Amino acid sequence: MSIVAQAARHGTYVVTYDVASRFNALRTSGLAFNQHDPIFERFRQHLLERMQQTLPGVTIDAIDMSELRLKIWDQVESRLTDSTRQVVLSTCQEITDANPKSEGLLLNINRLFNTEGELIGHGARPGFEPIDKQLDELVARIAGRSVLLIEDGAFSGGTLRCVLTELKRRGLKVTAALIGFCCTRAKAVLTEEYVGELVIVNPIENLIDWIPDHDLIPFIPNCGRVLGEQTPRGLMPVQTADGFSCSYPYIEPFGLMEAWASLPPEGARELSRFCLDTSVELFGRLEGHDGRRITIGELLGRNPRVPIPIEIGAHADLPALTMEIVDFLEKVRNRLK
């Protein structure tokens, strides 16, 4: 067991479930998929079992993000009244899309990383305008009203602190920040910048680490750590010659799962094998118009939120867009035997 895991044997490790809803977001003409398919429940159960085996003595807190987002919105509703000039601003597209009262106010902000997988700062999510332009447009739409800011989860607190700083710099008042869950460290970071109401919907003590399941399945929307670069428009996702973004899924051989997810080496390797097997099964069911298994280029062309999975140290070695996704995933899986 790694030093990190040994030191945190009695803490809580959060695994969030979101793959089903994000995979369902791939549905475009000819790419429908049932998010209630039994494969997703099997994935959840087996992922939980493997995490428990990998981290004995640690409490694994499994959180369904769809349910948590409903609880977050309940907290929002209790604070929204006709007599108050408030708006809801979210950093989570799923919350915004599901609630008309949000007025579609969404800040598409993302942590961005260099070719070594190290954080370089915050920028736009793939497919969206630079952060400064997004914020300028949001300020115009908010039009002097106060803000209820919502975020589904915060581990380090860095992203939310960045948002709070930028809103304050533009003269916006945040009356309440509502977070699905966060660790003590994140709460301390936020209170350095923010003195308003802070609501933690699902408080968790002694949080060791957090891993969203969508970071474990390549070709899922918003999977992994996005490769970024400094541009004249600010920090932005790197774009390929075809206009696609790239990211490092957490699993091997793409990312550094042991370091990024606080897991022992063998546990990280076994979990990577399992997630690649699941990925092969999932995308094996996804077909194009003509019944063929879908290619990388076909999927990316229809879904700008899907990044090309790349490896630390081999970010320039991109798969051919004409390659079928299943063939690519099987090839990667064979390397972990």
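Because the structure is predicted, anything quoted here is derived from the model rather than measured. All residue numbers in this chain count up from 1 along the given sequence.
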Under 4.5 Å side-chain linkage, directly or through intermediates, the cluster mates of F113: L119

Does atom CD (E205) have a neighbourhood of more than 12 heavy atoms from anything else shown, all under 6.0 Å? no

Once you round to the nearest 0.5 Å, how far does CG of L48 lie from CE of M51? 9.0 Å

Is there a chain of hydrophobic side chains (I, L, V, M, F, W, Y, each step under 4.5 Å between heavy atoms) that links V189 to L178? no

When you measure from the side chain of D64 to the backbone of E67, do you find a donor-acceptor pair of N or O atoms at a distance under 3.5 Å? yes

Same cluster or not: are I95 and L70 linked, directly or through other Ile, Leu, Val, Met, Phe, Trp or Tyr residues, by side-chain heavy atoms under 4.5 angstrom apart? no

Kindly say whether A124 contributes a backbone atom to a donor-acceptor pair with the side chain of N108 at under 3.5 angstrom? no

So W73 and V88, do their side chains get closer than 4.5 Å, heavy atoms only? yes

Taking 4.0 angstrom as the limit, do R285 and E281 come out as a salt bridge? yes

Give me the other members of the hydrophobic cluster that I131 sits in, counting Ile, Leu, Val, Met, Phe, Trp and Tyr linked by side-chain heavy atoms under 4.5 Å, directly or via other members. V87, L89, L105, L107, I109, L135, L138, V139, I142, V147, L149, L160, V163, L164, L167, L172, V174, I179, L190, Y194, L198, I200

Can you check whether G196's main-chain N or O pairs, donor with acceptor, with T175's side chain at less than 3.5 Å? no

Is it true that a side-chain atom of N114 and a backbone atom of E116 form a donor plus acceptor pair closer than 3.5 Å? yes

Output for pair (W210 CH2, F181 CZ), nearest 0.5 Å, gives 4.0 Å

Can you find a heavy atom in the side chain of D97 that is under 4.5 Å from one in the side chain of S102? no

Show, in sequence, the C-alpha distance, side-chain angles and deciding distance for E266 and R269, and conclude whether the salt bridge (Lys or Arg N to Asp or Glu O under 4.0 Å) test is met. CA-CA 5 Å; E266 185 50 43; R269 175 59 62 96; over 6 Å; no

Pairs satisfying ring pair (Phe, Tyr, Trp, His ring centres under 6.0 Å), at least one member in residues 118-145, at least two apart: none

Evaluation steps, salt bridge (Lys or Arg N to Asp or Glu O under 4.0 Å), between D37 and R42: CA-CA 9 Å; D37 190 292; R42 290 201 307 272; 5.4 Å; no

Taking every heavy atom of C246 against every heavy atom of L318, the minimum-distance pair comes out as SG-CD2, 4.1 Å

Looking only at heavy atoms, which two atoms of Y17 and D213 are closest? And how far apart? CA-OD2, 3.4 Å

Between L68 and L106, is there shared hydrophobic-cluster membership here, with clusters defined by ILVMFWY side-chain heavy atoms closer than 4.5 Å? no

Do the side chain of Y13 and the main chain of A261 share a donor and acceptor less than 3.5 angstrom apart? yes

Identify the heavy atoms of I72 and D152 that sit nearest to each other, and give their distance. CD1-CA, 3.8 Å

Derivation of the side-chain contact (heavy atoms from CB on, under 4.5 Å) call for L112 and I120: CA-CA 6 Å; L112 297 177; I120 58 174; 4.2 Å; yes

For a quick test of your reading: what N or O donor-acceptor pairs under 3.5 Å do the side chains of residues 226-237 make, sequence neighbours left out?
from : atom 1 : to   : atom 2 : distance (Å)
T231 : OG1    : R233 : N      : 3.1
T231 : OG1    : G234 : N      : 3.4
T231 : OG1    : G234 : O      : 2.7

Measure the CZ-CG distance between F244 and L321 for me, rounded to the nearest 0.5 Å. 5.5 Å

Straight-line distance of L80 CG to Q75 CD, nearest 0.5 Å: 11.5 Å

Say you draw a straight line from CG of L148 to CD of E77; how long is it, rounded to the nearest 0.5 Å? 10.5 Å

Quick one: does I251's side chain get under 4.5 Å of P218's, heavy atoms only? yes

Could you state the interatomic distance from CZ (R22) to SG (C223), rounded to the nearest 0.5 Å? 9.5 Å

Just jot down the side chain to side chain donor-acceptor pair (under 3.5 Å) partners of R333, sequence neighbours excluded, or say none. D277

Has Y250 got a side-chain atom pairing as donor or acceptor with R225's backbone, closer than 3.5 angstrom? no

Which heavy atom of P309 sits nearest a heavy atom of F254, and at what distance? CB-CE2, 3.8 Å

Heavy-atom side-chain contact between W260 and I211 under 4.5 Å: no

Might you point out which heavy atoms bring R305 and E94 nearest each other, and give the distance in Å? NH2-OE2, 3.3 Å

Stepwise side-chain contact (heavy atoms from CB on, under 4.5 Å) test for D18 and R69: CA-CA 11 Å; D18 209 15; R69 288 166 186 147; 3.0 Å; yes

Kindly state each residue pair satisfying ring pair (Phe, Tyr, Trp, His ring centres under 6.0 Å) with at least one member in residues 303-337, sequence neighbours excluded. F219-F328

For a side chain to side chain donor-acceptor pair (under 3.5 Å) check, start with the C-alpha distance between E41 and Q45, then their side-chain angles and the critical distance, and finish with the verdict. CA-CA 6 Å; E41 184 57 35; Q45 291 176 353; 3.2 Å; yes

Joint hydrophobic cluster, I39 plus L271, side-chain heavy atoms closer than 4.5 Å: yes

When I217, T278, L216, D215 are each screened for side chain to side chain contact (heavy atoms under 4.5 Å, CB included) with V19, the one that passes is I217

Would a hydrophobic clustering, with Ile, Leu, Val, Met, Phe, Trp and Tyr connected at side-chain separations under 4.5 Å, put F283 with M323? yes

Salt bridge (Lys or Arg N to Asp or Glu O under 4.0 Å), that's the test. Do E137 and R141 meet it? Break it down for me. CA-CA 6 Å; E137 292 175 353; R141 292 179 61 189; over 6 Å; no

Taking every heavy atom of G255 against every heavy atom of I312, the minimum-distance pair comes out as CA-CG1, 4.3 Å

Indicate yes or no: at least one non-hydrogen side-chain atom of T159 is less than 4.5 angstrom from one of T91. no

Any side-chain heavy-atom pair from M257 and L263 closer than 4.5 angstrom? yes

